[in-house]
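Structure first, commentary second.
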Amino acid sequence: LEVREEAGVPFGSPLNVFDLCESLNPKVRVRFAGYSMEGCYFRSDRPMIEISALRPIGRRVFNAAHELGHHVFG
């Protein structure tokens, strides 16, 4: 809920997790990799989520949201 509030997205409204990553401060970059894996999060001054481009789109969205959770919750 706090992340939604920070991004200005009301509870109950659909959101695009990739747009959400872009709207955070600092911005969480999302990169699509061409090899098979689920996803990973890199904590740094310029945080990044890496997601496999080989997974179906629904899985990419889920994995991005999961990795964003690592960013938000430390």
Side-chain angles (χ1 to χ4, degrees):
L1 291 174
E2 292 172 8
V3 175
R4 280 179 167 269
E5 284 179 10
E6 179 183 335
V9 180
F11 180 73
S13 295
L15 63 84
N16 180 315
V17 67
F18 304 113
D19 291 342
L20 179 62
C21 289
E22 288 277 323
S23 73
L24 297 176
N25 188 13
K27 177 172 87 168
V28 178
R29 298 170 295 140
V30 178
R31 182 171 75 180
F32 294 97
Y35 50 89
S36 182
M37 57 109 174
E38 292 295 329
C40 58
Y41 170 66
F42 299 98
R43 183 176 306 282
S44 71
D45 293 338
R46 295 184 63 220
M48 183 178 70
I49 293 171
E50 189 168 270
I51 302 294
S52 175
L54 304 178
R55 297 284 188 240
I57 187 64
R59 192 68 193 181
R60 286 183 244 168
V61 170
F62 174 86
N63 289 333
H66 173 89
E67 298 305 331
L68 182 59
H70 290 295
H71 173 75
V72 171
F73 295 113

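Sorted by first and then second residue, the salt bridge (charged side-chain N to carboxylate O under 4.0 Å, His left out) pairs with a member in residues 3-17 form an empty list; sequence neighbours excluded. Identified under the side-chain hydrogen bond (donor to acceptor under 3.5 Å, both in side chains) test for residues 65-74, with sequence neighbours left out: Y41-H71, H66-H70. Among residues at least two apart or in separate chains, ring-ring contact (aromatic ring centres under 6.0 Å, His included) pairs with a member in residues 13-34 are F18-F32. The list of salt bridge (charged side-chain N to carboxylate O under 4.0 Å, His left out) pairs with a residue in residues 9-25, not counting sequence neighbours, reads E22-K27.
With sequence neighbours left out, S44 forms a side chain to side chain contact (heavy atoms under 4.5 Å, CB included) with R46. When the side chain to side chain contact (heavy atoms under 4.5 Å, CB included) test is applied to A7, the partners found at least two apart in sequence or on another chain are V9, L20, S23. F42 meets the side chain to side chain contact (heavy atoms under 4.5 Å, CB included) test with C40, M48, E50; sequence neighbours excluded. Residues satisfying the side chain to side chain contact (heavy atoms under 4.5 Å, CB included) test with E38, not counting sequence neighbours, are R55, R59, N63.
Separation of atoms CZ (F62) and CD1 (I57) is listed at 14.0 Å; rounding is to 0.5 Å. From L54, atom CG reaches atom CZ of R60 across 8.5 Å, with rounding to the nearest 0.5 Å.
The other members of the hydrophobic cluster of M37, by chain and number, are Y35 (side-chain heavy atoms under 4.5 Å, ILVMFWY only).
The minimum heavy-atom distance linking I51 with V30 is given by the pair CG1-CG1, 4.4 Å.
No continuous path of ILVMFWY side-chain contacts below 4.5 Å connects L24 to L1, so the two sit in separate hydrophobic clusters.
Looking only at side-chain heavy atoms (C-beta outward), D45 and P26 stay at 4.5 Å or farther from each other.
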